[in-house]
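Since the structure comes first, as structure tokens, the remarks are kept for the end.
We name chains A, B, ... by the order of the sequence lines, and we start the count at 1 in each one. Fair warning: this is a prediction, and the values are worked out from it, not measured in the lab.
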Number of protein chains: 4
Amino acid sequence: MPRIPAAERRSDFVKAAVEVIATHGIDGATTRRIAEQAQAPLATLHYCYNSKEDLFADVFKFVAGKFRDVIEDSDPHADLTVTARRLLRGAMECYLESANFAATALELISWARRQHEERGIGVYNQAVDALRSALRGAASDHPLEAETIDQIAYVIATLADGFALNWLTYGDRSAATEHMEVTVSVLDSWLAVRLESAPAALS
Amino acid sequence: MPRIPAAERRSDFVKAAVEVIATHGIDGATTRRIAEQAQAPLATLHYCYNSKEDLFADVFKFVAGKFRDVIEDSDPHADLTVTARRLLRGAMECYLESANFAATALELISWARRQHEERGIGVYNQAVDALRSALRGAASDHPLEAETIDQIAYVIATLADGFALNWLTYGDRSAATEHMEVTVSVLDSWLAVRLESAPAALS
Amino acid sequence: MPRIPAAERRSDFVKAAVEVIATHGIDGATTRRIAEQAQAPLATLHYCYNSKEDLFADVFKFVAGKFRDVIEDSDPHADLTVTARRLLRGAMECYLESANFAATALELISWARRQHEERGIGVYNQAVDALRSALRGAASDHPLEAETIDQIAYVIATLADGFALNWLTYGDRSAATEHMEVTVSVLDSWLAVRLESAPAALS
Amino acid sequence: MPRIPAAERRSDFVKAAVEVIATHGIDGATTRRIAEQAQAPLATLHYCYNSKEDLFADVFKFVAGKFRDVIEDSDPHADLTVTARRLLRGAMECYLESANFAATALELISWARRQHEERGIGVYNQAVDALRSALRGAASDHPLEAETIDQIAYVIATLADGFALNWLTYGDRSAATEHMEVTVSVLDSWLAVRLESAPAALS
DNA sequence: AATGAATGAGGCTTCATTCAT
DNA sequence: TATGAATGAAGCCTCATTCAT
């Protein structure tokens, strides 16, 4: 009965959609289920969004925005190794904090791949771009080759996503917490070797 | 009326399902589309399988079997480091060889997570189990702690899946080929550090 | 807040409805589309009219009124043949001037037939009545049988509507202009024969 | 329960659609109502036709075919005047025989106009084309200018459609029967004048 | 055994209308 | 007075599945 502004209502539907996508998958996220989750009549969803696709576009923005927030929160003055480690840990903590968010992010990546002909469009690409930007900022003192930045971004993304898949599959929080440490140590080991040789090549 | 043996018919449907799942996702893999891809009448699918879920169970077996084949192909007499590297590379080559297989595997992992209450059931779990067995075989000379084996299996799975996600997202084969090398070097770096200290702890 | 008088508002909606009905048909003339065409919020339409049917009743009046204007414009002192010709030409020119008006008139005729059980109610009937009145006025000197008047009115209506259907179907203005002349000549030929014998029967 | 071949089922739906279109108009002809009229579940309609549009295309064919039958039934050896009169009478009798057919034909004409950008496509055009062919056949002895044929076809179509509109509006069969005679006499009067001068121009 | 025919359930979307402000 | 917000009903269509042959 309370007449809520449309903007706020839309946000409710986005949150509901994240829950439903995580639980039922992208294609199982029917308008009925989303409306029900948002405790709103089905028609109200279509009053706020012209189409399901419009709603999903907003979900998309929401997820991409959360990634960007996590990535940009990292201290820009830190060392490259420290920054990389923080980015990876931040992503994993974000996944660990909300399994639904993690699941929805993976669903969206899968969905974007199927939906659009133009590859690389979507959450994944935006997140990797943000990773690259953050890394470039941290490496501004001793500029690395673009290729090195790309590789580090790739490894962080790979480790974070691989971690997410495992955590979502087993749903075992304590195991995941341990895996987080292992994953960080993997990055550390590789970076130690990788950055030891790379700057040398530049000097 | 070619009178195709039932077994072959079922195999056709499984292969068709893999294609369709990769292209349209698990929920987009409708019985109609699968039957069409298999060039069979819709009713024939239900003649071979009681339900869609039964068919998917076979798809499941097929994918899990392919993983097991890749893993068990690796030389059981090799060194642990070499074995780990081979397992990772084998998985990635398998993904690279058929993007459809990779996509279907990821879809199935996602699907299994949503479908069943009991976590850890499914393709992912079977693959990790197989990884563990292979690693144990390679480490039979100097037995490691179970935890170490678990960690190595986790890291291999994580790296392989993270690699797959990237490759599927961009669909860039040459980039993926380079990523494969990077990914292997990540494993190598970490194993070098990890195995250097672990045995020490045992001695 | 332009504070537009309610009467003007209603007139805007009627005009918008005529456009929309012509373009999308009676059933395609949704309240949304009409409000949009009138550049007014949807709720305003229902503020001015209790229901869509009420609005359509006004559209009805508008169209019937325009017909009456055309018919009553014709010189009441003219000869019967001349009057009949003028009425037919007037109707056709009216159709030709605005295809939207023609289309809406035909839609309303169709709609009225479907809507009401009582046949003959509607735009068509009102127009034919007006035709009869005009013809009676022109024939006041040598009163004809009512049947003759009825027949002339029927023929004029038939020719005008048949013309409209053709013009709307092809949308070819130059062809329609030629058809107008042919149509008038059809009426002339028939009237010449018809009125030659009819008065004779009365004398 | 009887398993009827799809082709026959389709014919049932076409007939049902004609009824429903006549009663409720093109846009009121919902799939639900058509299925109900055909005494079939809604889903069965979509088993026989991929879409509502496909069904309507068949309705289209059915109506156009009936027109063609009526027109081509006319004796090809007859005189032009006789042929024209027969064509007109045939069309009107066809309308009179089934008001539903008449209504559906007019609805389809209206619908085709709204639906397709390319003007002149549809039932109307096909019927007029068939009229022209029939007239050309009858006039083969003393070939007339194409323009004359066109005009005669136009006048027949105009009179028949105008007649139909009146008959549908009032639903008065006895009045319509009288109108039929009047309408034929209108054609006769005009043809007498028209063909008297036209051949002269050719001789 | 094999497959066209058939269908209830549910998918997304739009409708005319009402409510609260 | 005006109008964004809200909604039950109904629109077309596709789904997995079953039935009859």
Side-chain angles (χ1 to χ4, degrees), chain A residues 1-10 24 27-35 40-56, chain B residues 1-6 9 27-35 40-56, chain C residues 1-6 9 27-35 40-56, chain D residues 1-10 27-35 38 40-56:
Chain A
M1 333 311 188
R3 299 285 158 144
I4 297 165
E8 189 178 331
R9 215 76 213 269
R10 287 166 74 104
H24 295 92
D27 297 280
T30 66
T31 51
R32 258 191 247 284
R33 281 207 256 250
I34 294 169
L42 177 55
T44 302
L45 192 159
H46 278 93
Y47 173 70
C48 295
Y49 287 99
N50 284 328
S51 71
K52 191 189 177 185
E53 203 171 348
D54 283 2
L55 166 59
F56 277 21
Chain B
M1 335 301 187
R3 291 285 176 163
I4 297 167
R9 271 257 147 120
D27 296 277
T30 66
T31 52
R32 263 175 174 65
R33 280 206 259 251
I34 294 169
L42 174 56
T44 302
L45 192 157
H46 278 91
Y47 179 68
C48 296
Y49 289 99
N50 281 329
S51 73
K52 192 187 175 186
E53 204 167 349
D54 284 0
L55 166 59
F56 277 21
Chain C
M1 338 297 192
R3 290 289 176 161
I4 297 168
R9 271 257 147 119
D27 296 277
T30 65
T31 52
R32 263 175 174 64
R33 281 207 257 250
I34 294 169
L42 173 57
T44 303
L45 192 158
H46 278 90
Y47 179 69
C48 294
Y49 289 98
N50 282 329
S51 74
K52 192 186 173 184
E53 203 167 350
D54 284 1
L55 166 60
F56 277 21
Chain D
M1 333 313 189
R3 300 286 159 140
I4 296 165
E8 188 178 332
R9 214 78 211 269
R10 286 167 76 103
D27 297 280
T30 65
T31 51
R32 256 192 248 286
R33 281 207 258 250
I34 294 170
L42 177 54
T44 301
L45 192 157
H46 278 94
Y47 173 71
C48 295
Y49 288 99
N50 284 328
S51 72
K52 191 188 177 185
E53 204 171 347
D54 283 1
L55 166 59
F56 277 22

For dA6(E), does OP1 or OP2 lie under 4.0 Å from any side-chain N or O of Thr44(D)?
no
Closest heavy-atom pair and its distance - Ala35(D), Leu42(D)
CB-CA, 3.9 Å
Who passes side-chain hydrogen bond (donor to acceptor under 3.5 Å, both in side chains) against Asp54(C), sequence neighbours left out?
none
What I'd like to find out is whether the side chain of Phe56(B) reaches to under 4.5 Å of the side chain of Ile34(B), using heavy atoms alone.
yes
How many Å lie between CG on Asp54(B) and C1' on dT17(F), as a whole number?
13 Å
List the atom of Leu45(D), the atom of Thr31(D), and the distance in Å for their closest heavy-atom pair.
CD1-O, 3.7 Å
Hey, could you give me the NZ/OG1 distance between Lys52(A) and Thr30(A), rounded to the nearest 0.5 Å?
7.0 Å
Arg10(D) has an atom CZ; how far is it from atom P of dA6(E), in whole Å?
12 Å
Which pair of non-hydrogen atoms, one from Arg33(C) and one from Gly28(C), has the smallest distance, and what is that distance?
NE-O, 2.9 Å
In whole angstroms, how far is the P atom of dT7(E) from the CG atom of Leu45(D)?
11 Å
Using a 4.0 Å heavy-atom cut-off, write out nucleotides 9-15 of chain E from 5' to 3' as B (base contacted by protein), S (sugar-phosphate only) or - (no contact).
-SBSBBS
What does the 5'-to-3' dot-bracket notation of DNA chain F look like when only Watson-Crick and G-U wobble pairs under 3.5 Å count, and pairs to other strands show as |?
.||||||||||||||||||||
For residues Ala40(A) and Arg9(A), report the shortest heavy-atom separation together with the two atoms involved.
CB-NH2, 3.6 Å
Length of the CZ-C1' vector between Phe56(D) and dC12(F), whole Å
11 Å
